[in-house]
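Working notes for the structure below.
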Amino acid sequence: MKTWSMSEMISPMVKQIPPSGIRKFFSLAEGNKDIISLGVGEPDFVTPEHVRAACVRALELGKTTYTPNAGLLELREEIASYLYNSFQVKYEPSNEIIVTVGGSEAIDLALRALITKGDEIIVPVPSYVAYSPIAQLNGGKVIEVETFAKDDFKLTAEALKAGLTPRSKVLIINYPSNPTGAMMTYEDWLPIAKVVEDNNLIVISDEIYAELTYDSKHVSFATLPGMKDRTLLISGFSKAFAMTGWRIGYACGNQELIAAMLKIHQYTVMCAPIIGQIAAIESLRNGLGEKDRMMESYNQRRRMFVKGLREIGLPCHEPRGAFYAFPSIAHTGLDSDSFAQKLLFEAGVATVPGHVFGQGGEGFIRCSYASSVSRLTEALERIDRCLRAL
Ligand code: PMP
């Protein structure tokens, strides 16, 4: 006779976290060709041909082994010069950079390396869905600080201060932002840096959309006075280089923190896949032109899609980076989950309800515009019909 249930065996830490709300909507749309998916944050470009060819060559040469735990030194060197040339941040390839399995692993390692039970992690919301669950899995307490459409979803020093307590330890920032497309200027960051300094916070800066900016250049938080040593910069190849499936990301920062992350990484994944690392080297050496062309294409789609949303009556603040529009649906009288379900089941358009991105996301839906212009046009028509039928 069975005297136990698997459910009882599963850690309460895992039970407390919800499954990803993005994946839920994605799964509903999967396999149905009639559904236009604006749900998943993934480039619609295939990785450029020369990058794929470099990998085929590497495979033919038998490059199928582990790499150093921190990643191929050649790749860390390329990352260091790329970050310096693009964003004027300087990191030492030998001990300030770790190559990870996507930016996702970097977020996980950082939170595992930093959090002790009861530490508070400040997360400006609406935010990317992974931060809070991973912080909670490590015993951290997440403090959400709200950002608002009226401020273009920028983080303000006042909001940050309101989230502080003596247990505050880590601030997670993500600009350009998923899901809002918001960006912060150097001047916007200065008062935040002061609060960080005054309250001895560590900053995890997820800059995975740093290249996808349309109106002004991305400011890396580590370039703010006094912030470099307090900041862990996280980025990767998934978005700007159209390489989601290769699973290559990285983290750069203080060498003690990188060493602590490396220790966990050694025991859990050993190293990021060698083929992905070779692809990443090729992207940085010879793929910057393609990256810029892809950005130009996202920018065109951003303009047409945001204009289209406004024309059909969905107010939308201007997304200045990444590839998401975050229109308000508040005036429909429906909550974001009901609205997104209506769009999915009645109009055949998959979006993500804003509430999955935390407090302040309710009343909005996230639409990824990394889709073809014809699909976006069709999606707008369908959303329009759905709105009229309300
Ligand atoms: N950060 C943000 C803000 C993201 O949107 C994503 C992917 N959706 C990631 C990190 C993780 O990306 P990856 O693991 O593919 O590098």
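Read the numbers this way: they start at 1 and go in the same order the structure lists the ligands and their atoms.
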Proximity flag [X] to ligand 1, non-hydrogen atoms under 4.0 Å:
X: Tyr250; answer: no
X: Glu42; answer: no
X: Tyr209; answer: yes
X: Ser104; answer: yes
X: Glu105; answer: no

Those atoms of ligand 1 less than 4.0 Å from some heavy atom in [X]:
X: Lys239; value: 5 (O), 6 (C), 7 (C), 8 (N)
X: Arg247; value: 13 (P), 14 (O), 15 (O)
X: Tyr131; value: 3 (C)
X: Asn174; value: 3 (C)

Aromatic centroids of [Y] and [X] separated by under 6.0 Å:
X: Phe241; Y: Trp246; result: no
X: Tyr369; Y: Phe323; result: no
X: Phe305; Y: Tyr324; result: no
X: Phe153; Y: Phe364; result: yes

Could you find the nearest protein heavy atom to atom 16 (O) of ligand 1 and give me its residue, atom name and distance?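 Here the closest protein heavy atom is Gly103 N, 2.6 Å.
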Are Asp44 and Arg301 within salt-bridge range, i.e. N to O under 4.0 Å?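 Answer for the salt bridge query: yes.
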State whether Asp34 and Arg382 are salt-bridged, where the test is any N-O pair (Lys NZ or Arg NE/NH1/NH2 against Asp/Glu carboxylate O) under 4.0 Å.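 Here Asp34 does not pair with Arg382 in a salt bridge, since their nearest N and O are not under 4.0 Å apart.
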Can you see whether Tyr209 has Lys239 sitting over its ring - NZ or CZ less than 6.0 Å from the centre and within 45° of the normal?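 No cation-pi geometry.
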Give a yes/no verdict on a cation-pi contact between Lys228 and Tyr91, requiring under 6.0 Å between NZ or CZ and the six-membered ring centre and an angle within 45° of the axis.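 Pair Lys228/Tyr91 counts as cation-pi.
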Checking the N or O distance criterion of under 3.5 Å, is ligand 1 in contact with Ile208?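 Between Ile208 and ligand 1 (N or O atoms, distance only) the closest approach is not under 3.5 Å.
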Could you tell me whether some N/O pair between Asn178 and ligand 1 is separated by less than 3.5 angstrom?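 Yes: some nitrogen or oxygen of Asn178 is under 3.5 Å from one in ligand 1.
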Name the option, out of Thr244, Asp206, Ile172, Ile248, that contains the heavy atom nearest to atom 3 (C) of ligand 1.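 The option holding the nearest heavy atom is Asp206.
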Starting from the C-alpha separation in whole Å, work towards a yes-or-no answer on side chain to side chain contact (heavy atoms under 4.5 Å, CB included) for Val203 and Leu232. CA-CA 6 Å; Val203 177; Leu232 183 78; over 6 Å; no
